[in-house]
Amino acid sequence: MDSLIAAAARALATGDPLAALQRVALREDPPALALRGIAMAQLGEYPRARELLRRAAKGFGPHEALARARCVVAEAEVALALRELGGSPRALLAAAKTLAARGDQANAWQAHLIAARWRLLVGRLDEAAAQLESLNGQALPPLLAAVAHLTAAELALRSLRTGPARQALVRARQAAERAGVPALQAEVGEARAALERPAARRVGPGGEQVLCLDEVEALLGSRALVVDACRRGLSAGAAWQSLASRPVLFTLALALAEAWPGDVERQALIARAFRTMHPDETHRARLRVEIGRLRALAADVADIVATPRGFQLVPRDERPVIVLAPPIDGEQAALQALLSDGAAWSTSALALALDASQRTVQRALADLQAQGRVRAIGQARARRWLAPPLAGFTTILLLPAALPLD
């Protein structure tokens, strides 16, 4: 490695891409192309960064497996930044094995962190936790340690465990200070600020109250029967019944909870669940069927009794009933939560993260665009979607695949 390449690498390690480019900007050899690609990625020029990294990987010879593996890791991080989430991290993990076998442990750890962040982004929280677990006890350098603790903090938040999240963020701040990278320190600060922002709204007989994540965790751990409109399910202490895949049943549960301790007229339930203002006998029959299904699913925490005019939610053990509403209204709340990170998402990546069809996501994006809440850049397959950061509150509870409390 010549002196200019070594100096550029040191500059990139400290988060100074401009200093790195000053040394290798005019060079076309594979090591210089790889460093230029990493520098462009740090500057946010991701398409150009990917082009340079691919050129570098092709330029390395068949006996330079270590250099090619490093390019694979760097390109995977660029793809993550571009929110290109298709495929699987198998090639990345194969590169990690190559790096570890050839003594480049730091880049091998980086590959595992990228894989964990990819799994976290698409909602595979158990897999992300297992990936992070493989790094426990390793002597990570400060930069990678900060990223690992940040990832652990987000995993804890997505699982609604604020105590471990705060501890991970403290460790992330300490590691970021040792690394001395301003952008990383700012990212840690933003993650810590999210803990103090409103995360949901408590709706009950006493009115509406804005809650932070700590208060949401305490509420879901209480004895109250909570109809969770953020994660779409029913919670009562340690019991959790997901209705995320049963939208009609959740709509009925939400309507009954909002009316508690009163009942809801049959016609109002039909209008809300089936979206019709002119019900006939088939709608009334369907309502009886859906109420029966909801009664069976909620049997451990509540009963649903028929009244002369409709139906009433009756919780077990005289529990209070509380509706936990999202911090933002609308059916596209989860979509806005993903877009609120400020990154440019493709339609396919949004569909993968939300576990929805691309057509469904396209319709939702069109509605949000008409309201001026998102904007598109690029055309056809290169089109990406952006939204302004939702700085007033955190959207952790709206992200997909959140784990129920233990």
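Numbers here are sequence positions counted from 1. Values reported hereafter were calculated over all heavy atoms of this structure, with side chains retained and with hydrogens, waters and symmetry mates removed.
- With contacts defined as side-chain heavy-atom distances shorter than 4.5 Å, the pair Ile114/Val73 qualifies.
- Side-chain contact check for Trp260 versus Val323: every heavy-atom pair is 4.5 Å or farther apart.
- Judged by distance alone, the side chains of Gln312 and Thr307 never bring a donor and an acceptor atom under 3.5 Å apart.
- Side-chain contact check for Ser159 versus Leu125: some heavy-atom pair is nearer than 4.5 Å.
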When the side chains of residues 179-187 are checked against the rest of the protein, which donor-acceptor pairs come out under 3.5 Å, sequence neighbours left out?
from   : atom 1 : to     : atom 2 : distance (Å)
Gln185 : NE2    : Ala176 : O      : 3.3

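- In summary, the side chains of Thr282 and Asp280 do present a donor paired with an acceptor at a separation below 3.5 Å, with no hydrogens or angles considered.
- Taking a cutoff of 4.0 Å between a charged side-chain nitrogen and a carboxylate oxygen, Glu318 and Arg223 do not qualify as a salt bridge.
- There is no side-chain donor-acceptor pair under 3.5 Å between Gln209 and Glu215.
- Looking at residues two or more places apart in sequence or on another chain, you find a salt bridge (charged side-chain N to carboxylate O under 4.0 Å, His left out) between Asp263 and Arg309.
- Between Glu265 and Phe311, the closest side-chain pair of non-hydrogen atoms is not below 4.5 Å.
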Point to revise | Chi angles and distances behind the side chain to side chain donor-acceptor pair (under 3.5 Å) call for Glu217, Thr162 | key: CA-CA 8 Å; Glu217 182 182 13; Thr162 55; 2.4 Å; yes
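- Within the 4.5 Å cutoff, no side-chain heavy atoms of Gln241 are placed close to those of Val301.
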Review point. After noting the C-alpha distance and the side-chain angles of Val216 and Leu160, does the key distance pass the side chain to side chain contact (heavy atoms under 4.5 Å, CB included) rule?
Key: CA-CA 8 Å; Val216 172; Leu160 207 54; 3.8 Å; yes
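- Checked against side chain to side chain contact (heavy atoms under 4.5 Å, CB included), Arg272 has the following partners two or more places apart in sequence or in another chain: Thr251, Leu254, Ala255, Glu258.
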Check your understanding: Can you check side chain to side chain contact (heavy atoms under 4.5 Å, CB included) on Arg23 and Arg10, steps first, answer last?
Key -> CA-CA 11 Å; Arg23 292 165 172 82; Arg10 286 194 297 270; over 6 Å; no
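- Taking CZ of Arg68 as the reference point, atom CZ of Phe60 lies at 9.5 Å (rounded to 0.5 Å).
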Exercise for review: Evaluate side chain to side chain contact (heavy atoms under 4.5 Å, CB included) for Val314 paired with Ile304, printing each intermediate quantity in order.
Suggested key: CA-CA 6 Å; Val314 180; Ile304 300 172; over 6 Å; no
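- At a threshold of 4.5 Å between non-hydrogen side-chain atoms, the residues Leu99 and Trp109 do not count as touching.
- Remark: Gln22 engages no residue in a side chain to side chain contact (heavy atoms under 4.5 Å, CB included) (not counting sequence neighbours).
- We find that Glu290 and Arg246 are not joined by a salt bridge, their nearest charged nitrogen and carboxylate oxygen being 4.0 Å or further apart.
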**Study point:** Intermediate values then yes/no, side chain to side chain contact (heavy atoms under 4.5 Å, CB included), Gln131 and Glu127
**Key:** CA-CA 6 Å; Gln131 196 79 53; Glu127 296 178 16; over 6 Å; no
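- Note that CG of Leu113 and CG of Leu140 are 6.5 Å apart. Values are rounded to the nearest 0.5 Å.
- Both the sub-6.0 Å distance and the 45° axial angle are satisfied by Arg231 relative to the ring of Trp240.
- Residues passing the side chain to side chain contact (heavy atoms under 4.5 Å, CB included) test with Ala193 are Arg197, sequence neighbours excluded.
- Residues Arg166 and Asp214 are paired through a salt bridge, judged by an N-O separation under 4.0 Å between the basic side chain and the carboxylate.
- By the neighbour-count criterion of 12 heavy atoms within 6.0 Å, atom CZ of Arg383 is densely surrounded, having more than that number from other residues, nucleotides or ligands.
- For the pair Arg27/Ile5, a side-chain contact is recorded, criterion being any heavy-atom separation below 4.5 Å from C-beta on.
- Every pair passing side-chain hydrogen bond (donor to acceptor under 3.5 Å, both in side chains) that includes a residue from residues 135-153 is listed here, sequence neighbours excluded: Glu133-Asn136.
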